[in-house]
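Ligands are counted one by one from 1 in listed order, and the atoms in each one are counted from 1 as well.
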Amino acid sequence: MAQATFSFPRGFLWGAATASYQVEGNNVNSQWYAWEQDSRHILNGAKAGLACDWWGGRWREDFDRAAESSQNAHRLSIEWSRIQPAPDRWDEDALDRYREMLRGLQKRGMTPMVTLHHFSNPLWLEEKGGWENAESAAHFEKFTRKVVEALKEYVSLWCTINEPNLYTTMGYMLGVFPPGKRDLRAAYRVMVNLTRGHAAAYRAIHAIQPQARAGMALNYRSMIPMLNWSPLDHWVRNALAYQYNDLFPQAVKQGVVRTLLGNVKIPEAKGAQDFLGVNYYTRDLVRFNLFRPGELFGERRYDPKAELSSTKFLANQPEGMFDAFKWGLQFNVPMIVTENGMEDPDDRLRPRYTIQHLHQIWRAINFNWPVKGYFHWTLVDNFEWERGWTQRFGLWELDPETQARRKRPSADLFATICRDNAISSEVVAKYTPEIFEQMFPN
Ligand code: IFM
């Protein structure tokens, strides 16, 4: 059997990513909490409830799990609706609680990456129109200043906004996230304001903490034309990929948001990016369909040959991870994989998915492409938004009723890779013998 090791650079960040609303529980001042109260909004009428009970203190045991599995970093988010429950009220106790969590990471030798906006808005902002409101960016800047001042002792790696592209698509085009709209004009207003918000937050972070590194995390979807010979499939693929993948990072590169309904100059956004966060999960085949005007005439589906996750939500397409970096190079900043993972309650596919995606990262690094870290989505099963509790992304399984955790085999696999800073042939032979030949051909 071939013996080989795919090593990662010294200082590579290895961790898991989480988001406040999905793990803390009882975020009663968030727009998501209000949205959940209508049982039609979430699959099976589910609720986040206690989630992983981090607000009740279970972050301690989960950080222990992460640290004991050799993770040297953790990405978490700060819940705006807790810090600023009303426009004129700051909750200092909540800030203390986050300070304690960050000290907890420091004590365990883990580098924090802190996200300032991960889908959840304070209810008061949502009632004023959320990110459609022209003042939203200024509100976000105020919140950012408060948080950065309070937490700068512990954090210098900031993610301003998580997946602005997914947030806009789900909330304003597909209508499955709050506020449940299907309105392209509103979506474009939100894109513009999110870009303004990102720029304002980036500049505020640097004013307070010049040495900080800040960037947004994009949900990158790899897309390829279904029929390579079809110009229409190419055209629609390019239109969808521009709107979904390119619009935000291009806006930050150029200082202009370019939409189908016109361009908006945001000069302060230009260059407001120290790294690009890449959240990569899967790849679509795209074809032209005249009957889908609402989706820019694009129909997306998975390659029929691809392995699918348990609810068929994701296809295992590791090459798309490589595409993401190749595409990301144009922005001339380091890249960090801020999310990647698989919903898989039985841990049937996750080991393979994880190793194959990490292998693509290793390949990219071997081209000298600047990929600096990897955050697995996620540490412990958590609340999956409109999909409720139907999808299990955790390295640890969670029973939300009893709060019991159980380690999945992938947690050990990932721990070995984090510990070795490498994917060894032993790890592949132990956890995914079925892909050994493919990874280490004789
Ligand atoms: O759980 C989400 C996360 O909040 C954002 N990115 C995708 C994940 C998996 O669906």
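Within a 6.0 Å radius of CZ in Arg99, other residues, nucleotides and ligands contribute more than 12 heavy atoms.
For Val333, the side chain to side chain contact (heavy atoms under 4.5 Å, CB included) partners at least two apart in sequence or on another chain are Gln273, Leu276, Phe331.
Trp385 is not listed as a side-chain neighbour of Trp35, based on a closest heavy-atom distance of 4.5 Å or more.
Here the rule is side chain to side chain contact (heavy atoms under 4.5 Å, CB included) with Thr432, and of Ile355, Thr354, Val427 only Ile355 fits it.
Arg363 places no side-chain N or O within 3.5 Å of a backbone atom of Glu319 that could act as its donor or acceptor partner. When atom types are taken as modelled, the side chain of Tyr220 and the backbone of Gly320 share no donor-acceptor pair closer than 3.5 angstrom.
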Put together the list of close N/O pairs, under 3.5 Å, between ligand 1 and the protein, could you?
residue	atom	partner	partner atom	Å
ligand 1	1 (O)	Gln22	NE2	2.9
ligand 1	1 (O)	Trp377	NE1	3.3
ligand 1	1 (O)	Glu384	OE1	3.0
ligand 1	1 (O)	Glu384	OE2	2.7
ligand 1	4 (O)	Gln22	OE1	2.7
ligand 1	4 (O)	His118	NE2	2.8
ligand 1	4 (O)	Trp385	NE1	2.9
ligand 1	6 (N)	Glu163	OE1	3.1
ligand 1	6 (N)	Glu163	OE2	2.9
ligand 1	6 (N)	Glu339	OE1	2.5
ligand 1	10 (O)	Glu384	OE1	2.9
ligand 1	10 (O)	Arg387	NH1	3.3

